[in-house]
Amino acid sequence: MMSATKTHPPSAIPWFPRCTADLDSHSVAVLQFGEELESDYVGANDPEYRRRRNEIAKIASMYRTGQTIPYIEYNDNERATWKALFCRMKGMHEDYACTEYQDAFKVLEEEGLFTADDVPQLEDVSNFLRSRSGFSLRPVTGLLTSRDFMNSLAFRVFYCTQYIRHHSNVFFTPEPDVCHELLGHAPMFADPDFAQLAQEIGLASLGASDEDIVKLGNIFWYTIEFGLCKESGKGIRAYGAGLLSSYTELENAFSDRSEKRPFDPLDAATLEHSIVDINTTYYVAESFACATNQLSDYVQQHNNRDFKLAYDAKTGTVNVVDKQ
Ligand code: NLE
Ligand code: FE2
């Protein structure tokens with residue numbers, strides 16, 4: 001049977017980024033803690049910390065596609081925070097992190113990009129990742145909307161904060177910071193299967209309805225941020241960044257205080273989460289490739305877009321294809 005050709009009046013397709021340069025319009029929309037910390041946040045009443053965060057956020061807000069990510073000279077206090085977390089988590093990772101994470105971490109150390117003594121620079125780690133999986137990092141001032149944040153993944157771009165968590169609470173922070181981005185996310189983006197899973201979420205988010213964005217945001221949360229996976233001979237391991245960058249969260253996931261469910265995108269899509277508390281439920285994927293297949297099926301059946309997209313890896317652009 002011939003497939004029907006659908007034509008779209010220009011207004012039927014909402015605006016969404018079609019290439020990495022289009023992401024430049026996202027860098028300003030920051031939510032929640034962002035540049036203005038909420039008053040009960042641990043660093044909010046420390047004026048020097050607030051000043052420093054604003055200074056670093058300003059650098060990110062001026063960043064445009066194609067530029068080198070500016071280096072930040074982290075001070076003694078900031079380096080001490082990184083070191084404390086780095087050393088604590090490194091000990092945990094041997095027992096709880098997935099093999100893909102551990103392998104990439106080892107290479108990052110061998111190449112001198114990851115050390116306990118200084119906070120790695122986003123530009124260096126970005127160049128490393130680009131050569132591994134085509135992912136690159138892009139600085140951001142703080143939390144973006146879930147739509148803007150996920151959209152970038154379609155182009156294998158990952159938004160990273162550059163400021164560091166407050167020293168009073170090193171082992172858990174509710175918001176992303178450079179420790180979370182680098183200790184949690186970066187090693188995973190070196191793995192091609194994981195990179196594919198992340199990009200699929202990104203592609204599904206382009207032009208999606210607000211309702212579908214909430215669902216995809218939950219799926220992102222329970223995979224890329226807090227996912228667990230099975231590993232033969234080793235049982236369950238962590239691959240989610242929020243686990244790999246937080247002693248408190250990782251300990252909670254591997255305790256019997258939390259529930260573990262087999263990964264099911266339909267179930268995860270509607271399980272709400274709080275961004276300020278540790279999770280009570282985690283999903284265990286069979287493998288990244290399997291989770292990617294489950295996600296494609298979910299998107300095909302439940303993501304209510306009436307247009308189709310094709311990603312052109314050579315040019316890094318997304319095109320709307322008319323044929324349904
Ligand atoms: N709770 C994580 C940490 O302390 O590193 C950050 C989670 C960001 C979503
Ligand atoms: Fe994250």
Side-chain angles (χ1 to χ4, degrees), residues 85 88-90 92-105 129 133 135 137 143 146 149-150 153 158-161 165 171-202 205 215-231 234-255 257-265 267-269 271-292 294-295:
L85 186 64
R88 183 71 175 264
M89 295 316 294
K90 206 178 146 168
M92 296 279 281
H93 290 157
E94 279 164 30
D95 293 328
Y96 298 111
C98 66
T99 305
E100 291 81 356
Y101 178 90
Q102 295 197 34
D103 288 350
F105 195 101
L129 293 175
S133 66
F135 252 91
L137 306 179
L143 281 174
S146 161
F149 182 63
M150 289 190 290
L153 299 171
F158 185 69
Y159 281 110
C160 282
T161 50
R165 62 191 61 193
F171 300 126
F172 179 86
T173 168
E175 19 163 32
D177 76 321
V178 72
C179 298
H180 167 71
E181 317 295 15
L182 295 179
L183 275 180
H185 286 290
M188 289 311 305
F189 281 117
D191 181 70
D193 287 344
F194 176 86
Q196 191 61 40
L197 172 63
Q199 186 178 23
E200 291 295 335
I201 297 177
S205 77
K215 292 178 178 168
L216 289 167
N218 286 333
I219 292 173
F220 179 88
W221 185 263
Y222 290 111
T223 54
I224 311 301
E225 289 295 355
F226 293 101
L228 297 170
C229 57
K230 282 192 188 161
E231 229 168 66
K234 292 183 180 165
I236 292 175
R237 292 286 172 123
Y239 72 90
L243 293 159
L244 296 162
S245 69
S246 168
Y247 176 80
T248 313
E249 187 87 42
L250 194 55
E251 196 275 326
N252 178 64
F254 284 90
S255 76
R257 297 188 303 281
S258 57
E259 185 190 343
K260 268 66 78 181
R261 298 184 190 172
F263 176 59
D264 172 2
D267 190 43
L271 186 63
E272 284 180 13
H273 61 267
S274 147
I275 71 155
V276 288
D277 298 317
I278 54 173
N279 292 279
T280 52
T281 305
Y282 302 93
Y283 288 90
V284 184
E286 288 293 324
S287 67
F288 303 138
C290 183
T292 305
Q294 288 174 281
L295 182 74

Novice: Would you sort out whether Phe288 and Gln196 count as a side chain to side chain contact (heavy atoms under 4.5 Å, CB included), showing the intermediate values?
Specialist: CA-CA 8 Å; Phe288 303 138; Gln196 191 61 40; over 6 Å; no
Novice: Between atom OH of Tyr159 and atom CD of Glu181, what is the distance when rounded to the nearest 0.5 Å?
Specialist: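 CD of Glu181 is found 12.5 Å from OH of Tyr159.
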Novice: Kindly indicate whether the side chain of Glu286, heavy atoms from C-beta on, has any atom under 4.5 Å from the side chain of Phe263.
Specialist: no
Novice: If I compare all heavy atoms of Leu243 with all of Ala253, which pair ends up nearest, and what's the gap?
Specialist: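 Smallest heavy-atom distance, with atoms named: CD2-CB, 3.5 Å.
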Novice: Between Tyr96 and Tyr239 (judged by ring centroids, cut-off 6.0 Å), do the two rings come close enough to count as a pair?
Specialist: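 No - the distance between ring centres of Tyr96 and Tyr239 does not fall below the 6.0 Å cut-off.
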Novice: Give, for atom CD of Glu200 and atom CD of Gln294, the distance between the pair rounded to the nearest 0.5 Å.
Specialist: 13.0 Å
Novice: With rounding to the nearest 0.5 Å, note down the distance linking CD1 in Ile219 to CG in Asp267.
Specialist: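 Ile219 CD1 to Asp267 CG: 10.0 Å, rounded to 0.5 Å.
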Novice: Hey, is the main chain of Thr281 close enough, under 3.5 Å, to the side chain of Glu259 for a donor-acceptor pair?
Specialist: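 Side chain of Glu259 to backbone of Thr281: no pair is present.
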Novice: To the nearest 0.5 Å, tell me how far Tyr222 OH sits from Arg261 CZ.
Specialist: 8.0 Å
Novice: Quick one, Arg237 and Thr99 - any side-chain contact, counting heavy atoms below 4.5 Å?
Specialist: no
Novice: Working to the nearest 0.5 Å, report the span between CZ of Phe171 and OG of Ser245.
Specialist: 12.0 Å
Novice: Is the backbone of Ser258 close enough, under 3.5 Å, to the side chain of Thr280 for a donor and an acceptor to pair up by distance?
Specialist: no
Novice: For a quick test of reading the model, state the closest non-hydrogen atom pair linking Pro187 to Leu182 and the distance between them.
Specialist: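 So the minimum-distance heavy-atom pair works out to CD-O, 3.1 Å.
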Novice: Between Phe220 and Leu153, does the side chain to side chain contact (heavy atoms under 4.5 Å, CB included) criterion hold? Intermediate values first, please.
Specialist: CA-CA 11 Å; Phe220 179 88; Leu153 299 171; 3.6 Å; yes
Novice: For Tyr282 and Asn252: C-alpha separation, side-chain torsions, deciding distance, then whether side chain to side chain donor-acceptor pair (under 3.5 Å) applies.
Specialist: CA-CA 10 Å; Tyr282 302 93; Asn252 178 64; 2.8 Å; yes
Novice: If I compare all heavy atoms of Phe254 with all of Ala238, which pair ends up nearest, and what's the gap?
Specialist: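 Here Phe254 and Ala238 meet closest at CZ-N, 3.9 Å.
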Novice: Is the backbone of His93 close enough, under 3.5 Å, to the side chain of Gln102 for a donor and an acceptor to pair up by distance?
Specialist: yes
Novice: Contact between Lys260 and Leu228 at the side-chain level, heavy atoms closer than 4.5 Å - yes or no?
Specialist: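 The answer is yes, as the side chains (C-beta and beyond) meet within the 4.5 Å cut-off.
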Novice: Under a 4.5 Å cut-off applied to non-hydrogen side-chain atoms, are Ile275 and Trp221 in contact?
Specialist: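 A side-chain contact exists here, since the closest heavy-atom pair is under 4.5 Å.
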Novice: Working to the nearest 0.5 Å, report the span between NZ of Lys230 and CD1 of Ile236.
Specialist: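 Atom-to-atom, Lys230:NZ and Ile236:CD1 are 7.5 Å apart.
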Novice: Do Met150 and Leu216 have side-chain heavy atoms sitting under 4.5 Å apart?
Specialist: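 Of all side-chain heavy-atom pairs linking Leu216 with Met150, at least one is under 4.5 Å.
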Novice: Do Ile224 and His185 come within less than 4.5 Å of each other through their side chains, counting heavy atoms only?
Specialist: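 Side-chain contact under 4.5 Å: yes.
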Novice: What is the minimum heavy-atom distance between Leu244 and Ala97, and which atoms define it?
Specialist: CD2-CB, 3.6 Å
Novice: Evaluate the side-chain proximity of Arg165 to Leu85: yes if any heavy-atom separation is below 4.5 Å, no if none is.
Specialist: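 Side-chain contact under 4.5 Å: yes.
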Novice: Could you pull out the closest heavy-atom pair between Ile201 and Thr223, with the gap in Å?
Specialist: CD1-OG1, 3.7 Å
Novice: Can you list the steps and then say if Phe194 with Phe189 is a ring-ring contact (aromatic ring centres under 6.0 Å, His included)?
Specialist: CA-CA 7 Å; Phe194 176 86; Phe189 281 117; 5.4 Å; yes
Novice: Report yes if the side chains of Glu249 and Phe226 come closer than 4.5 Å at any heavy-atom pair, otherwise no.
Specialist: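 The answer is yes, as the side chains (C-beta and beyond) meet within the 4.5 Å cut-off.
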Novice: Please step through side chain to side chain contact (heavy atoms under 4.5 Å, CB included) for the pair Leu250 and Met89, ending with a clear verdict.
Specialist: CA-CA 9 Å; Leu250 194 55; Met89 295 316 294; 3.9 Å; yes
Novice: Given Thr292 and Asp193, is the side chain to side chain contact (heavy atoms under 4.5 Å, CB included) satisfied, shown in steps?
Specialist: CA-CA 8 Å; Thr292 305; Asp193 287 344; over 6 Å; no
Novice: Where do Ser133 and Ala195 come nearest, in terms of heavy atoms and distance?
Specialist: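 Nearest heavy atoms, Ser133 then Ala195: CB-CB, 4.0 Å.
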